[in-house]
Number of protein chains: 2
Amino acid sequence: MAIPRAARTQRRTRIQEEKEEIILEAALDVFSVSGFRGSTIDQIAEVAGMSKPNLLYYFRTKEAMHRALIDRVLFTWLEPLRAFDANGDPESEIRSYIRRKLEMARDFPRESRLFANEMLQGAPHVEDELRGPLKALVDEKAEVIRTWARNGKIAKCDPYHLIFSIWSTTQHYADFDVQVRAVLGPEHSGEGRFEDAARYLEQLFVDGLRIRHS
Amino acid sequence: MAIPRAARTQRRTRIQEEKEEIILEAALDVFSVSGFRGSTIDQIAEVAGMSKPNLLYYFRTKEAMHRALIDRVLFTWLEPLRAFDANGDPESEIRSYIRRKLEMARDFPRESRLFANEMLQGAPHVEDELRGPLKALVDEKAEVIRTWARNGKIAKCDPYHLIFSIWSTTQHYADFDVQVRAVLGPEHSGEGRFEDAARYLEQLFVDGLRIRHS
DNA sequence: GGATAATTTGACCGATTGGTAAACATTACA
DNA sequence: TGTAATGTTTACCAATCGGTCAAATTATCC
């Protein structure tokens, strides 16, 4: 008889690694659109191209799949903020942070939407991570920004709301993609869309945060 | 025998008005958190304090409830943008648009989340409205902004992305409320939160869009 | 090649889903 | 006050939900 995956202690099989990858990929497709409650195991199984019991052989519950997915996304999602360098030039650090976040919205829109879905539902599965590691990281970087402002390198501003505004403006292009596309129309829905956004956002934030000598 | 509501042609009863209001209120509670697929009629019925068949007497399907809700929200949601005055002072128009949007995020977070949920799912129920009335309104206001920029009243910028950035930054405080709360911590989660946000955003946008003489 | 472990499947379970039918209760109005 | 229209409830339906089980199949390793 097969031993349930979670109870196993030995190393993972080649098949396990492959199948789990396929499943998480399919789960990302489904969860990112319909959220946790709105998604069904059958949907995911169909996208993954395997039977439902087979899926449940690798992840014993729907929650286990969702958790595995969230854990993975949460880590990579914060990488741009981790790369935010206290010793770099303020203006170029902010500029490249915006660019990195925008690239993630372009290259990983499903991950962005998965996270957004979780937030909309009140973060029932990740509230601890928000209050713990996330808050700690943001606190650290906010202090960096605050120091820059104190030293006159950028305009005085609330560092937390600055971070929020970078998050929201960049992720908007992933989460509200339909709306952006509908408003811009077919003529501006190509790849150049992200270049336009990057140019605009860099102007907004860099000019908005530059010290005024007037 | 009772005639299904949708087939009726006569004017609405007092009871109808009251009950439909109660139902939509409950539906907003539920849909805004769990999205369309993730919400159940039973949940809504429980929140509304009435039996499921009674609910279905007023709205014959789950979709009908959702549609009624979306239609109502969509209209009021665009009011701040409609109020955007082409003849006003650019700086104060942008300033008060931000403030109005932020007030809506504070006072109607459920409406914001309902809309966000719909966007995340690819706007299956409102794509026509986005491409039609919404695009038309945005096009009109974008032209106003473009004229301001051409006449040197504000910095040159892409008016569409400007509007997107105001939408995203303000709605963020409703849609990602959990995250904002978690990051700011209990000490900054009071009412002053929105004042801080307003101050920061006005600074960001006004300075970011002001003409530079350097 | 055979034994053993890992994987896959079809049949199935109880609970929940969106929605219906019809009996029953209440209201509005002449 | 009677009665017809409106409103509410109980009982129920087929479909789908998350998940289990045992049998069948495949991969692994000596």
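Numbers restart at 1 for each chain; the letters A, B, ... are given by sequence-line order, proteins then strands.
Here B/Ile41 lies in heavy-atom contact (under 4.0 Å) with sugar-phosphate atoms only.
Within the structure, no pair that satisfies the side-chain hydrogen bond (donor to acceptor under 3.5 Å, both in side chains) test touches residues 76-88 of chain A, not counting sequence neighbours.
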Without placing hydrogens or testing angles, list every side-chain donor-acceptor pair under 3.5 Å for residues 26-35 of chain A, not counting sequence neighbours.
unit_1, atom_1, unit_2, atom_2, d
A/Asp29, OD1, A/Arg110, NH1, 2.8
A/Ser32, OG, A/Leu28, O, 2.7
A/Ser32, OG, A/Asp29, O, 3.2

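With sequence neighbours left out, A/Arg100 forms a salt bridge (charged side-chain N to carboxylate O under 4.0 Å, His left out) with no residue at all. B/Ser165 meets the side chain to side chain donor-acceptor pair (under 3.5 Å) test with A/Tyr200; sequence neighbours excluded. With sequence neighbours excluded, the residues satisfying side chain to side chain donor-acceptor pair (under 3.5 Å) with A/His161 are B/Tyr173. Legend: residues meeting side chain to side chain donor-acceptor pair (under 3.5 Å) with B/Arg199, ordered by chain and number and at least two apart, are B/Asp196. Take B/Phe108 and apply the ring pair (Phe, Tyr, Trp, His ring centres under 6.0 Å) test, not counting sequence neighbours, and it matches no residue.
Remark: P of D/dG19 and CZ of A/Arg60 are 11 Å apart, rounded to the nearest angstrom. As a whole-Å value, the separation of B/Met65 CE from C/dG18 C1' is 12 Å. D/dG19 atom P lies 7 Å from atom CG of A/Leu56, rounded to whole Å. Rounded to a whole Å, the CD atom of A/Glu63 is 17 Å from the P atom of D/dC17. The separation between A/Gln43 atom CD and D/dA15 atom C1' is 15 Å, rounded to whole Å. Spacing between atom NZ of B/Lys62 and atom C1' of C/dG19 amounts to 12 Å, rounded to whole angstrom units. Taking atom OH of residue A/Tyr58 and atom C1' of nucleotide D/dG19, one finds them 18 Å apart after rounding to whole Å. Spacing between atom CD of B/Gln16 and atom P of C/dA28 amounts to 12 Å, rounded to whole angstrom units.
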In sequence, state the C-alpha distance, the side-chain angles, and the governing distance for B/Arg72 and B/Glu21, and then conclude on salt bridge (charged side-chain N to carboxylate O under 4.0 Å, His left out).
-> CA-CA 12 Å; B/Arg72 171 193 294 203; B/Glu21 199 54 42; 3.0 Å; yes

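Note on ring orientation: taking the six-membered ring where Trp is involved, the planes of B/Phe84 and B/Tyr97 are perpendicular (angle over 60°, cut-offs 30° and 60°).
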Show each protein N/O and nucleotides 9-12 of chain C N/O combination with a separation under 3.5 Å, one pair to a line.
unit_1, atom_1, unit_2, atom_2, d
C/dT9, OP2, A/Ser51, OG, 3.2
C/dT9, OP2, A/Asn54, ND2, 3.4

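A heavy atom lying under 4.0 Å from DNA chain C marks the following residues of residues 23-39 of chain B, by number: B/Ser39.
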